[in-house]
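The block underneath contains the structure these notes are about, expressed in structure tokens.
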Amino acid sequence: MSRRLLTGNGAAAWGARLSDADYVPAFPITPQTEIIETIGGWIGRGEWDARMVTLESEHSMVAAAGAAAATGVRVFTATSSQGLLHAMEMVYTVAGWRAPFVMVNVSRGVSAPITLGSDHTDVMAARDSGFLQIHCSTCQEVVDSVLLAYRVGEDARVRLPVLVNLDGFHLSFTREPVEVPDIEAARGFLPAFDPGELRFLASKPVSQAVAVLGGGPYSYFRYETHLAAQNAVAVYDEAASDFEARFGRSHPAVEAYRSEDADVVFYMIGSFATKAKDAVDRLRDAGQAVGLVRPRLLRPYPVESIRALLAGKRGVAVIDQNLSLGKGGVLHAELASALYGCPDAPRTLASFVGGLGGREIAAEEFYEMARVTREAAESGRTPEPRLLYTEDELRELRKLQGIAVAERHDTGAE
Amino acid sequence: MKTASRILGSAFFREGFEVQDAPRYGAERRGAPIFAYVRAAREPIHERGVITRPDLVVVADDSLVSVAAAGVLVGASARTVMLICSNDDAAVWRERLGLDGPVFTLACEPAPDDEVRFLGAASAGAASRFTGVIGRESLEHAIREELQDLRPEAVERNVGEGLTAFDEMEAHAGCLSEGTIRSAEAYEDPNWVELPFEGVEISAPDIHGAATSVQVRTGLWRTMRPVIDYDRCNRCSWICTTFCPDSAIHADADRTPRIDYDNCKGCLVCVAVCPPHAIAAVPEQVAVAADSEEAST
Amino acid sequence: MSERASETAFRRMKDLPSTHLLGAGTATCAGCGGLQAIHEIYDVLGEKTIFVNAAGCMTLLSIYPFTPFRGSWLYTAMACAPAGAQGVRDALDILKDKGRIPAEEDLRVVVLTGDGAAYGMGLSSTSAAIDRDLDFLYICYDNEGYGNTGQQSSAGTPHAARTSTHRGALGYPGFKKDLFSIWAANRPAYVATVTGAEPVDLARKVEKAAAMRGPRLLIALSPCPTGWSYEPKDSVEIGRLAVETGVWPLKEYVDGRVVHTRRPRKRVPVEEYLRLQGRFAHLFEPERNDALLDEIQARVDAYWEAAD
């Protein structure tokens with residue numbers, strides 16, 4: 001094992017290499033490009049015996065990835081934002097094929113307006129597809145999660161593709177010290193892919209992904225895929241335990257940070273959760289019992305762990321770096337559905353939407369979210385959902401608007 | 001039958017009824033059996049989907065009635081009225097099917113000047129009369145409305161067929177009875193099960209087998225049957241077998257072609273391409289009758 | 001290449017197989033010209049084949065639990081069957097190269113799409129597969145419209161044909177895309193036009209394509225009783241007339257050259273072909289549209305003048 005400085009993208013590439021992936025269908029998109037360029041370099045220099053193919057779109061990329069996995073090889077691919085959206089038809093389709101492979105998504109806000117900044121709205125669009133989802137908060141987690149993802153997705157009890165999510169820029173382009181496992185140790189953790197009966201061989205004809213007629217067969221196949229995804233909660237726990245035993249790093253399905261005795265808890269995913277940890281420490285310094293609960297596994301949704309970790313809390317500040325237009329934060333809605341009817345569920349779930357399109361979340365904002373949530377829990381009145389947006393930001397926006405609108409008027413006057 | 005269902009639906013609607021009519025689409029294509037449904041009520045209809053307990057069953061292709069897989073009799077009970085377009089009479093069908101309920105037939109023979117009888121309009125006409133609530137004018141109006149894209153002569157013929165059938169069934173006006181609503185007090189348990197997780201070898205939408213499609217009896221689609229006159233067949237062995245779109249003709253080792261009637265859809269491409277004209281097209285009912293005669297002698 | 005190509009197993013009609021690989025009992029319409037071409041092609045390719053299918057009429061060849069194939073099948077989606085073929089081909093090559101499967105477990109990879117996918121939504125992924133020199137065979141069953149959804153106009157629809165989206169007196173105002181030339185412009189190993197009504201020509205071309213490597217593409221004109229509105233029994237007659245009138249030139253692109261494999265000596269007037277099909281009935285009734293008929297004939301004549 002060696003400790004070195006790696007970007008999140010570099011860590012993702014290492015995850016693929018240590019997993020002995022056979023095949024990498026690729027299409028470039030900012031901020032994912034470094035992943036496929038790194039892999040292309042390794043393959044080109046003969047450092048890694050894999051095959052890379054560059055497709056003409058993410059839709060085709062996911063089709064090739066799923067088809068290769070359905071033929072019986074280990075596949076790695078990566079995308080981001082508009083690319084994930086462009087691929088979405090095939091994202092849903094290949095999950096239904098029960099073709100296991102790993103796709104890294106480097107989270108970035110979706111169009112319109114088009115932007116390069118990071119948020120999680122892109123990956124939320126894949127939420128109901130049948131892909132499992134693992135969300136990372138550090139570059140270390142990225143390399144480890146790719147290995148875990150293959151182990152879980154290829155398990156006979158699961159057989160599903162997995163998305164490993166990392167935040168654009170905040171992780172993708174940020175170097176951090178990362179322990180890179182030895183290839184032999186990685187192979188010990190992750191055996192070769194056994195496709196079982198689901199593969200294409202001349203001696204064993206199979207028609208895969210055929211049409212069905214009627215709701216009976218359709219319901220069966222869809223629900224079996226759902227049951228397989230749910231199996232992944234237990235399979236993930238097993239894999240994470242084994243991983244910890246081998247590598248000494250713990251990656252539970254739901255991370256809890258100083259939450260045991262907390263009365264108010266931040267609930268969020270992704271890299272800004274490390275900022276939340278800092279905020280927790282400062283709030284503790286100020287005498288407040290605040291903690292953090294962070295699901296790494298979002299699909300399957302580890303309902304039991306989440307309920308147990310939040311039982312008896314007074315208030316939860318749910319921080320969504322995504323926006324379901326016309327509804328609000330997705331994590332908030334999901335958490336509410338998981339906790340509804342639980343006798344010891346937190347009294348207050350406060351909804352905060354922040355960090356959209358690469359916007360920062362400042363320490364003071366974490367402190368303020370904790371205050372609002374605590375007061376709401378005391379008063380019993382759940383606050384309206386809050387967009388994290390400051391007076392300064394609005395003032396700056398007004399300046400831009402002044403230019404944009406003035407130009408339009410000037411042109412019209414001529 | 002889709003046309004018949006739309007005519008019936010429009011006629012009910014014109015009489016002031018609330019109506020649902022719908023074809024049931026499947027994978028089946030041209031030539032495949034098709035099902036269509038009509039519901040009518042004085043009150044708004046909240047029921048949806050397939051009719052599971054019909055008051056009236058109309059069958060355009062009588063070769064389907066006796067075939068369990070076609071599902072013609074599913075849900076029918078003693079009070080269900082059957083209308084079968086057939087040249088066999090009602091008594092024959094009652095006996096053949098062991099039915100206690102009312103059975104009527106409409107002869108398939110066309111009027112002297114016509115090539116074919118327009119069974120859609122005719123069966124809608126008969127069905128309208130059975131309801132007892134659809135008038136002659138509403139039926140005529142509905143036929144004209146639904147067939148307005150046809151040529152004027154064809155519309156007139158259809159109107160004629162529909163009204164003739166309506167008049168033929170005068171004695172049976174109002175023979176339909178309305179089904180009862182399913183009670184919420186004493187109902188049949190839907191018997192839900194817990195779906196178990198199953199391994200991907202069986203729980204993925206995959207077929208681990210070869211040419212299982214031959215089990216699908218597409219022979220049911222056929223209304224005309226190609227019959228080989230082996231005295232005229234010159235054993236070329238490749239023309240009918242190659243051109244049959246469905247691979248439903250194979251040649252024996254001695255080059256004698258054999259038609260797989262379980263799967264032949266009756267497209268009659270073989271009839272059209274056979275150089276010595278050794279394949280004849282025989283109406284399916286005639287062929288079935290000939291078969292049963294042969295079997296009994 | 002030309003030496004080997006002449007060594008065909010299909011010199012005349014009696015050389016065609018009289019037993020067939022493709023199972024009966026599929027859901028295609030009675031008289032389907034597309035299925036006719038596919039079963040003729042399958043007989044030549046053999047069962048060590050995987051069909052990678054795009055959304056279209058043939059999606060419903062395999063409906064759980066029934067498949068007509070003796071080999072394998074993968075249904076993808078409308079736009080990306082060639083990309084699915086890329087994944088399968090690459091995976092099989094990886095498995096062979098790494099010694100995980102013996103060579104005899106390999107499969108021939110065949111893309112199967114209609115004209116809706118081939119001429120439109122799937123053209124980008126096809127073009128890219130040719131760029132990448134993918135070793136695959138592409139079969140387009142071209143019934144000149146989105147047949148599976150009721151024959152709406154596609155980029156394969158011929159000028160003036162009436163479709164379910166173009167019901168007016170002039171039919172479809174656009175022109176059938178020259179997919180053969182578009183494909184050939186990418187310089188793949190092989191491109192050919194075929195039709196099920198000319199089975200010997202078809203068998204020779206499939207035989208030739210099967211012996212090559214790289215991108216090989218076939219467009220099969222597929223008379224469609226449902227979408228073209230004619231009696232199912234006439235499928236072969238209409239396919240033959242498409243060739244004899246010159247509407248559907250039988251040709252191939254190989255080694256950078258286009259060769260016509262059939263040159264009708266005296267072309268039958270196009271009218272004979274159009275008249276049999278309900279989709280062109282508005283050219284004859286209620287009155288003859290001579291202008292449009294002449295235009296269609298002129299286009300066919302111009303094609304052959306350029307070809308000769």
Side-chain angles (χ1 to χ4, degrees), chain B residues 26-32 149 151 204-219 221-224 226 235-253 255-273 279 281, chain C residues 13-40 42-43 47 57 59-73 75 147-148 167 196-197 199-200 203 224-227 231-237 239 285-286:
Chain B
E28 297 82 5
R29 309 299 174 78
R30 178 170 173 172
D149 289 343
R151 289 193 307 266
D206 303 334
I207 305 164
H208 299 270
T212 51
S213 63
V214 296
Q215 295 173 47
V216 182
R217 296 293 185 239
T218 43
W221 299 16
R222 207 168 50 236
T223 55
M224 297 292 281
R235 275 36 175 202
C236 78
S237 89
W238 63 267
I239 293 180
C240 56
T241 64
T242 298
F243 287 123
C244 170
D246 286 285
S247 323
I249 311 180
H250 293 260
D252 290 343
R255 307 176 80 98
T256 304
R258 303 285 176 195
I259 299 176
D260 162 15
Y261 289 120
D262 285 341
N263 293 113
C264 162
K265 292 169 185 164
C267 71
L268 308 183
V269 162
C270 55
V271 175
V273 297
I279 311 178
Chain C
M13 296 183 170
K14 283 194 191 301
D15 297 330
L16 295 170
S18 56
T19 57
H20 304 290
L21 282 179
L22 197 71
T26 59
T28 54
C29 303
C32 176
L35 188 66
Q36 184 183 62
I38 291 165
H39 96 78
E40 291 172 16
Y42 198 34
D43 285 338
E47 58 199 64
C57 290
T59 299
L60 296 181
L61 284 185
S62 294
I63 302 172
Y64 192 84
F66 304 112
T67 181
F69 296 101
R70 288 171 208 278
S72 288
W73 162 273
Y75 174 72
N148 200 34
R167 308 294 304 162
V200 177
C224 171
T226 309
E231 285 302 312
K233 69 175 172 51
D234 294 332
S235 279
V236 171
E237 175 69 8
E285 292 174 357

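Throughout, a chain's letter reflects where its sequence line sits, starting with A, and its residues are numbered from 1.
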Do you know the tightest heavy-atom contact between [X] and [Y]?
X	Y	answer
D206(B)	Y64(C)	O-CE1, 3.4 Å
P199(C)	T242(B)	CB-CG2, 3.7 Å
S213(B)	P68(C)	OG-CA, 3.2 Å
K14(C)	R255(B)	CD-NH2, 4.0 Å
T26(C)	T218(B)	O-CG2, 3.5 Å
G31(C)	V269(B)	CA-CG2, 4.4 Å

Q: Sort out for me which of G266(B), C236(B), A251(B), A211(B) touches chain C most, counting heavy-atom pairs under 4.5 Å.
A: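 Highest number of heavy-atom pairs under 4.5 Å: A211(B).
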Q. Contact part of V214(B) toward chain C, heavy-atom cut-off under 4.5 Å: side chain, backbone, both or neither?
A.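 Both the backbone and the side chain of V214(B) come within 4.5 Å of chain C.
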Q) Of the backbone (N, CA, C, O) and the side chain (C-beta and beyond), which part of I249(B) lies under 4.5 Å from a heavy atom of chain C, both, or neither? A)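 Backbone only.
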Q: Apply the side-chain contact (heavy atoms from CB on, under 4.5 Å) test between Q36(C) and each candidate in C244(B), P245(B), C267(B); give the one that qualifies.
A: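 Passing option: P245(B).
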Q. Among E237(C), R70(C), E285(C), who wins on heavy-atom pairs under 4.5 Å with chain B?
A.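 The candidate making the most pairs under 4.5 Å is R70(C).
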Q | Residue-level contacts of residues 257-264 of chain B with chain C, using a heavy-atom cutoff under 4.5 Å | A |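 Contacts with chain C: D260(B), N263(B).
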Q. Is there a side-chain contact between K265(B) and T28(C), using heavy atoms and a 4.5 Å cut-off?
A.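 Side-chain contact under 4.5 Å: yes.
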Q. Are any of the side-chain heavy atoms of T241(B) and H20(C) separated by less than 4.5 Å?
A.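 Answer yes - side chains close enough.
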(Q) Quick check for you: to the nearest 0.5 Å, what is the distance between S235(C) atom OG and L268(B) atom CG? (A)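 Spacing of OG (S235(C)) from CG (L268(B)) equals 11.0 Å.
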Q: Please round to the nearest 0.5 Å and tell me the distance separating atom NZ of K233(C) and atom CZ of F243(B).
A: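 K233(C) NZ to F243(B) CZ: 15.0 Å, rounded to 0.5 Å.
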Q.
I'd like to know whether CZ of R151(B) has more than 12 heavy-atom contacts from other residues, nucleotides or ligands below 6.0 angstrom.
A.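 Result for CZ/R151(B): open.
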Q) Are the side chain of S247(B) and the backbone of L22(C) linked by a donor-acceptor contact shorter than 3.5 Å? A)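 Yes.
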(Q) Treating T212(B) as the side-chain partner and T67(C) as the backbone partner, does any N or O pair qualify as donor plus acceptor under 3.5 Å? (A)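 At least one qualifying donor-acceptor pair exists.
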Q: With sequence neighbours left out, write down each residue that passes ring-ring contact (aromatic ring centres under 6.0 Å, His included) with Y42(C), or none if nothing qualifies.
A: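 Y42(C) satisfies ring-ring contact (aromatic ring centres under 6.0 Å, His included) with F51(C), F69(C) once adjacent residues are dropped.
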Q. Non-hydrogen atoms of chain B under 4.5 Å away: do they reach the side chain of P17(C), the backbone, both or neither?
A.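 Just its backbone gets close to chain B.
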